[in-house]
Amino acid sequence: MPKDLHAEIIADLAATLNAWLAERGNHPPVALAPPTREGAGDLALPCHPYARTLRLSPQVIATQLAEVARTHPLVAAAEPVAGFLNLRFDGAALARRALPWALTDDAALGRSDALDGRRILVEYCSPNTNKPLHLGHTRNIVLGSTVAALARAAGAEVVQINLINDRGVHICKSMLAYQRFGEGATPESVGRKSDHYVGDLYVRFEKAFAEEFKTHGEPRGIEKDTYFNTESPLGAEVRRMLQAWEAGDAEVRALWRTMNGWCESGFEATYGRMGVRFDQVDRESQTYLLGKDLIAAGLEREVFERDPSGAVVFDLSRIGLEGKKAVLRSDGTSVYTTQDLGTAVQRLDQHGFDRMIYVVGNEQDHHFQVLFGILEHLRPEVKGRLFHMSYGMVELPDGKMKSREGKVVDADNLMDDLHALAYAAARERNPDMDDAEVHRRAEAIALGGLKFFLLKFGPATGFVFDKERSIALEGETGAYCQYAYARAGSILRKLAAAGEPTASPDYGALTLPQEQAVIHALMAFPGEVRTAALELKPNLLTKAVFEIARAFAAFFNSAEARVIGAEPAIAAARADLVRAARRSLEAGLHLLGMTPLEEM
RNA sequence: GCCCCCAUAGCUCAGUCGGAUAGAGCACAGGUUUCCUAAACCUGGGGUCGCAGGUUCGAAUCCUGCUGGGGGCGCCA
């Protein structure tokens, strides 16, 4: 079982301090934690909360607790400062504990038992099959796949689900465009990636409609959507097609299958390049009728009510919101919420999940509040198990993405652009290198940089995507972390060539600040990864990996801390420190979905 | 109109279930190369934590009000 050494040491110290307090009455357990303030040591404890009951000043309490703390073998110094107890570890003793742990324990790889045995469903990506994936999907995919990887590292059994919106008006638009303008072509015959070809058709439709609207609708001051739904011949054709689809019209269904196939196979290529894979694919064409039985049963149990027009509604005041939410139209047909309810219950029956996480943008915050509220009334056991991983929109340097205006960053094109940038940089530094190898490294840096950049912000934060920054090596970037990993490997290769040290390692000698910083970063890693998994905060993972990389960079750049050429017992200890850093970095990069490079 | 989110260094962002003198990256200024990859490292300046009150031993963090920005409030998805 993975052992979080840092947490264990803190718990051990806290127990000692708690025992002292417990002898003097009831007190809240000590909040021993790394101090926010720099230079205050390795751990700190505010003693103010105990002042009232102990009837002693915080400073006096800190002084007495310092006496207690000093008896601990790992504590080198314990100082009372302004009512705080500041503890500093004995660097040598810490290194002797930390190195054997970091070299062998699974916790140093980010594994824990925090979600042991739990079954967790993660729904993400959720594309429409009428156009290719864009930057927004890219963030969604990276968030979802990383949350899944984190949950798995925490011991959970994870089911990754892609919910594909493969039916509806927007799909029919592409289909109609194909009928009109496609001339029987195929993606192969026109030499276009298949999902992009479908997207071209969608754009073709929107263009045709815009022209129609401009001549027939706009002059009379009609709203665009209203025109589409009432007078537009194109709109009428789309609706006819949708009705034919629902009626199971053979010809329409055949075209639909063909074009969805194009779209989905194109998506598959994109997923493959991004290194993601789904365990389950739900398609709305199969789920859109789900939920009706659920509504009927709920109506019986008075979870829902029928409003005067005949629609079935849920009174949102029952979940602290305003208004009513229709879950069935007055003509008896489903709305989006109906099928979402049905799908959720189906998954509950199918998987019996402990958690279901929906990775969906924050514009749907309200929808999920409503959805979860209703689900908890229908199936009370889901209470506390449903999570909306809400994330902010990604913007371009020149403003917000607007798919209607065709102002989008296509996911495939973006990856190509990043690859080209990374290729140029790699080629410049390695003029004589084999071209395939430069491409291989460029791809790792491009995709790694993209993922790291998309993950390093808090999920809730919207941000501007910056291509140059995302593949930069300076600062908090993917390539920086990959570089640290590569340097670790390089040192070990050079060491092997120079001859491994014969002495056994003296870990207690690793007391240089550069060495201690690496040890601290390695020890902090498990806790950060665990929190990232539990609280759905992948940015803690990027930060924790970066902290190891940064500490390690300072180490391998310092003249005092060289491995090769050092006294044998020290060289052996440093070599193990390098191995430990490399081991955790590799695990961290894998969790981030990044490819570690042996050389850069 | 109502609801939710946001406002922190020149820029981009962490920190928000209360803890000390608020952090990182970028940018900027200076320095390091007979030394395991200088795609790196080191040093430095830089802050009324949007504004005003309140609670507390202690507030970027909690409460109230205000200002400014984003999103939402469909028998759309």
d(CG, L540(A); C1', rU16(B)) in whole Å: 13 Å

Whole-Å C1' distance, rC63(B) and rC17(B): 15 Å

Step-by-step side-chain contact (heavy atoms from CB on, under 4.5 Å) determination, V563(A) to K494(A): CA-CA 10 Å; V563(A) 180; K494(A) 286 262 164 65; over 6 Å; no

Spacing of the C1' atoms in rA52(B) and rG68(B) (rounded, Å): 15 Å

Derivation and outcome, ring-ring contact (aromatic ring centres under 6.0 Å, His included), residues Y391(A) and Y124(A): CA-CA 12 Å; Y391(A) 64 90; Y124(A) 65 96; over 10 Å; no

Nearest-Å distance once atom C1' is located in both rC49(B) and rC6(B): 14 Å

Interatomic distance where CG belongs to D365(A) and C1' belongs to rC5(B) [whole Å]: 8 Å

Between T129(A) and D166(A), a side-chain donor and acceptor under 3.5 Å: no

Sugar-phosphate only, base, or nothing, as touched by H170(A) at under 4.0 Å among non-hydrogen atoms: nothing

Same-atom distance (P) from rC13(B) to rG58(B), integer angstrom: 34 Å

Distance below 4.0 Å between T36(A) side-chain N/O and rG19(B) OP1 or OP2: no

Integer-rounded Å distance: rA77(B) C1' and N128(A) CG: 8 Å

Ring-face cation contact, Y480(A) with K456(A), 6.0 Å cut, 45° max: no

Touch class at under 4.0 angstrom, heavy-atom based, for H48(A) against every strand present: base

RNA chain B base-pair string [pairs: Watson-Crick or G-U under 3.5 Å; |: paired with another strand]: (((((.(..((((.....[...)))).(((((.......))))).....(((((..]....)))))).)))))....

Touch class at under 4.0 angstrom, heavy-atom based, for V313(A) against every strand present: nothing

Nucleotide rC57(B), atom C1' - distance to CZ of F84(A) in whole Å: 10 Å

N539(A) vs V563(A), nearer the 5' end of RNA chain B by closest nucleotide: N539(A)

Upstream residue (5' side of RNA chain B) when L328(A) and G458(A) are each assigned their closest nucleotide: G458(A)

Atom-pair distance (OH on Y288(A); C1' on rA77(B)), nearest Å: 15 Å

Options rA77(B), rA14(B), rG19(B), nucleotide nearest the side-chain atoms of P49(A): rG19(B)

Check: rA20(B) base within 3.5 Å donor-acceptor of N86(A) side chain: yes

Touch class at under 4.0 angstrom, heavy-atom based, for F457(A) against every strand present: sugar-phosphate

Per-nucleotide protein contact string for nucleotides 37-46 of chain B, where B marks a base within reach and S marks sugar-phosphate only (heavy atoms under 4.0 Å, - for neither): BSBBSS----

Candidate pair T595(A) and E443(A), rule side-chain contact (heavy atoms from CB on, under 4.5 Å), full reasoning: CA-CA 9 Å; T595(A) 306; E443(A) 183 70 357; over 6 Å; no

Salt-bridge present (R440(A), E437(A); N to O < 4.0 Å): yes

Rounded distance (Å) that lies between atom C1' of rG15(B) and atom CD of E547(A): 13 Å

Atom-to-atom span, NZ of K543(A) to P of rG15(B) - whole angstrom: 9 Å

Euclidean distance for P, rA22(B) against rC26(B) (whole angstrom): 22 Å

Sugar-phosphate only, base, or nothing, as touched by A561(A) at under 4.0 Å among non-hydrogen atoms: base

rA24(B) and rG31(B), which share atom name P, separated by this distance in whole Å: 23 Å

Distance, C1' atom - from rC73(B) to rG10(B), rounded to whole angstrom: 38 Å

Below 4.0 Å: OP1/OP2 of rC76(B) and any side-chain N or O of R329(A): yes

L495(A) CG - rC36(B) P separation (whole Å): 14 Å

Interatomic distance at C1', rA27(B) relative to rA9(B), whole Å: 11 Å

Sugar-phosphate, base or nothing in reach of A498(A), heavy atoms under 4.0 Å: nothing

Salt-bridge contact E500(A)-R579(A) (side-chain N to carboxylate O under 4.0 Å): yes

Sidechain-backbone polar pair: N162(A) side chain, V281(A) backbone, donor-acceptor under 3.5 Å: no

Six-ring centre of Y202(A), K131(A) cation under 6.0 angstrom, axis tolerance 45°: yes

Sugar-phosphate, base or nothing in reach of G323(A), heavy atoms under 4.0 Å: nothing

CD/E567(A): more than 12 non-hydrogen atoms of other groups inside 6.0 Å: no

Ring geometry between F555(A) and F552(A) (parallel below 30°, tilted from 30 to 60°, perpendicular above 60°): parallel

Aromatic Y288(A) / basic R167(A) pairing, under 6.0 angstrom, 45° off normal: yes

